[in-house]
Amino acid sequence: MINVENVTKSFRRGDTEIPVLRGISCEIPRGAFAFIVGPSGSGKSTLLYLIGALDEPTSGEIHVAGRRLDEVDQAGRDAFRRTEIGFVFQSFNLLSNLSALDNVLIPYMPIGEAARRRGDAIELLKQVGLEHRLDHRPAQLSGGEQQRVAIARALLKQPSIVLADEPTGELDSENGAEVYRYLRRLQQEQNSTVVSVTHDRSYIQEGDLVLEIRDGRIAE
Amino acid sequence: MLRFAIGNLLSRPGRSSLSTLGLAVAIGGMVGLFSIAGGIDHLVASTFELIPGLLVQQRGAPVPLFSTLPADWQQEIEDIEGVSVVNAEVLVRANVIEGKTIISPPRFVLGVDIENRLRLKNGVYAECMEEGRFLRPEDAGTTNCVVSRQIAEEFGRSVGDVLRVNGYDVTIVGTYYSGSMLIDVSILMDIGTVRSVSRYDPDSVSVYYLETTGEIDDETVSRRIEQHFADRRLAEWDPSSAASRLIGPEMSLTDLFRNLDTLAKAGELDRPAAERSPEEDSPEGGENSERDALSESAADSVSPVEVRSADDWADEFENFMTDLDLFLTLMTGIGVVIAVLSIVNTMLMSVTERRIEFGILRANGWSRGHVLSLVTFESALLGVVGGLIGAALGWIATHVVNWTFPERIHLHAGPGLLLLSIAFSVLIGALGGAYPAWHAARLSPMEAIRRG
């Protein structure tokens with residue numbers, strides 16, 4: 001399902017080129033629950049964002065569901081993120097001036113489908129235990145609640161792939177465990193592929209795919 | 001998207017308010033400035049609507065006050081085919097009323113041939129009577145007068161009261177109100193009385209106001225009148241004629257002041273061209289023989305009179321308005337540039353602060369175009385609100401000014417100007433947001449999110 005072939009990624013800082021990924025190749029089957037682990041600065045998040053078409057690799061190819069991402073135009077990549085990918089970030093990344101419900105509906109606002117999806121969004125917020133928090137702003141929610149809103153936002157589009165970047169990084173262990181419970185339920189119920197970057201290996205279960213990155217390469 | 005954009009603006013109330021206020025001031029200024037032109041336009045249109053007839057005046061005279069024509073041309077004009085009624089008018093300034101020197105707004109004493117005036121279908125003043133009555137034939141030779149409501153109110157007079165004008169007592173028999181600042185400035189009396197009290201040449205009139213039969217178009221009638229008098233000799237109105245009579249070719253400064261003094265003592269300077277006979281203006285004497293020849297030559301081909309319709313006056317104003325509009329556009333431009341810079345600054349700061357937000361939106365499938373639309377939409381919203389407030393402020397200001405100075409200034413901010421200013425405000429709002437929007441759309445979503 002996700003096929004990464006010899007991907008490199010470098011960033012420029014002034015005249016200096018900093019290599020982050022140095023030729024990564026891996027495969028993540030459809031419906032897998034995968035973890036990308038490794039020390040800070042090893043390139044975990046960079047790989048995740050490249051899979052999510054938020055950026056382009058310096059070289060190499062990424063195939064998702066048979067599509068080679070670097071051959072997809074900008075509009076196609078935007079549509080890919082809108083329909084296929086659900087992102088969950090460490091710092092929740094909710095918009096402060098929108099309610100929980102509107103944050104969930106963000107992907108559908110610019111295409112005029114927010115009203116049509118409203119019922120589904122409310123249902124999802126109920127499923128994550130936030131039925132009484134629909135109109136609350138992020139500042140009125142706890143960290144765990146904010147991450148549940150972010151999960152509901154990722155799930156609304158029924159994505160084939162969920163990309164989670166340290167989703168428990170700012171949560172206590174109880175809320176962290178709950179986040180992974182939701183993600184695993186999604187994987188099982190919708191056969192979605194979940195790829196999560198984490199430092200905390202305690203969430204890894206038997207049968208999960210683990211990709212360890214060290215210095216921009218997959219560690220053997 | 002609209003709710004989202006409004007929410008974004010409301011989440012930064014201070015900055016949004018200041019930016020809106022800056023735009024509102026610029027748009028208010030624009031409405032205010034263009035209401036000057038609008039006021040003149042409106043005034044001219046509404047005034048000439050009330051005066052549908054033709055005006056025969058001395059060629060070159062900028063306004064009827066400076067025109068002088070022979071009084072015996074009235075019958076000749078009446079006999080021209082297409083002419084229905086001709087009313088001779090003598091116009092002089094009311095320099096002093098009730099001991100008060102009148103400068104602004106100006107007041108005029110208008111002498112009319114009462115019998116002919118009453119024959120006009122649209123006599124302007126008779127149709128606009130408010131109190132009392134209009135002049136009657138029996139008022140000929142008397143000092144009975146009709147005054148505008150403004151003049152009556154200014155000097156606390158009403159029908160039946162006496163008003164002292166240029167040293168003469170006149171009796172008010174009626175007041176009129178036309179609503180036009182250009183018309184509501186007159187004291188109407190019998191033409192003979194006006195000539196007498198203002199020492200106006202009895203053989204002259206200022207202008208002839210005429211109505212046509214309607215069977216022939218105004219332009220043809222005008223041409224016929226001008227052609228009819230083409231062979232007559234009448235000095236063309238010359239703005240420097242008064243000065244040239246004061247300053248001879250070899251006159252010293254002492255002579256100049258002596259002459260000025262003499263003329264002032266004789267009251268000569270108080271008399272506009274209208275108060276002198278046409279012959280006085282005719283150049284005579286050997287030293288001016290060359291100019292005489294030129295004048296005669298010109299008289300051969302050019303009629304000494306010109307006939308003006310309401311459209312002609314409107315055209316003249318139109319020329320003036322074009323220049324005025326250019327000036328007003330430049331003035332408005334300064335305010336608009338400041339407003340645009342304010343919008344650009346506000347939106348650029350907003351965009352810089354919201355990098356993470358745009359990254360989140362991009363991660364959730366928003367395209368660059370969507371982000372660009374959102375930012376442009378927000379700045380256009382500032383434009384809408386700024387435009388509405390500015391237009392309202394400008395509109396209110398014009399009314400306050402009109403109410404405060406009813407006889408001096410007439411500003412007019414019509415629906416067209418208000419709608420245009422709001423549309424313009426939206427446009428500059430959107431344009432002001434264009435660069436920040438482009439800047440926001442170019443942000444790398446990954447970089448933006450990582451910064452978060």
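Proteins come first, then strands; the chains are lettered A, B, ... in the order of their sequence lines, and each starts at number 1.
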Exercise for review: Specify the closest pair of heavy atoms between B:Ala363 and A:Phe87, including all atoms of both residues, with the distance to one decimal.
Suggested key: O-CD1, 3.3 Å
Point to revise | Which portion of A:Leu98 sits near chain B, non-hydrogen atoms under 4.5 angstrom | key: side chain
Check your understanding: Would you call B:Asn8 and A:Leu95 a side-chain contact if the rule is heavy atoms closer than 4.5 Å?
Key -> no
**Study point:** Under 4.5 Å from a heavy atom of chain B, the part of A:Arg153 involved
**Key:** side chain
Revision key, fill the gap. Bottom line for B:Ser11: the part with an atom under 4.5 Å from chain A's heavy atoms is side chain
**Study point:** Other residues, nucleotides, ligands: >12 heavy atoms within 6.0 Å of A:Asp172 CG
**Key:** yes
Check your understanding: Is atom CZ of A:Arg68 surrounded by more than 12 heavy atoms (other residues, nucleotides or ligands) closer than 6.0 Å?
Key -> yes
Review point. Within the distance-only criterion (no hydrogens, no angle test), does the side chain of B:Trp366 pair as donor or acceptor with the backbone N or O of A:Met109 below 3.5 angstrom?
Key: no
Study note, to complete from the structure: Applying a strict 4.5 Å limit to non-hydrogen atoms, the region of A:Phe11 in contact with chain B is side chain
Exercise for review: May I ask you to name which of A:Asp165, A:Asp55, A:Asn97, A:Leu54 has the most heavy-atom pairs under 4.5 Å with chain B?
Suggested key: A:Asn97
Exercise for review: With a 4.5 angstrom heavy-atom cut-off, could you sort out which part of A:Asp102 is near chain B: side chain, backbone, both or neither?
Suggested key: side chain
**Study point:** Side chain / backbone / both / neither for A:Glu84 at chain B, heavy atoms under 4.5 Å
**Key:** neither
Review point. Looking at B:Arg354, B:Arg368, B:Arg362, B:Arg3, which makes the most heavy-atom pairs under 4.5 Å with chain A?
Key: B:Arg362
**Study point:** Under 4.5 Å from any heavy atom of chain B - which part of A:Ser96
**Key:** neither
Check your understanding: Do you know which of A:Ile111, A:Thr83, A:Ile85, A:Thr46 has the most heavy-atom pairs with chain B at a distance under 4.5 angstrom?
Key -> A:Thr46
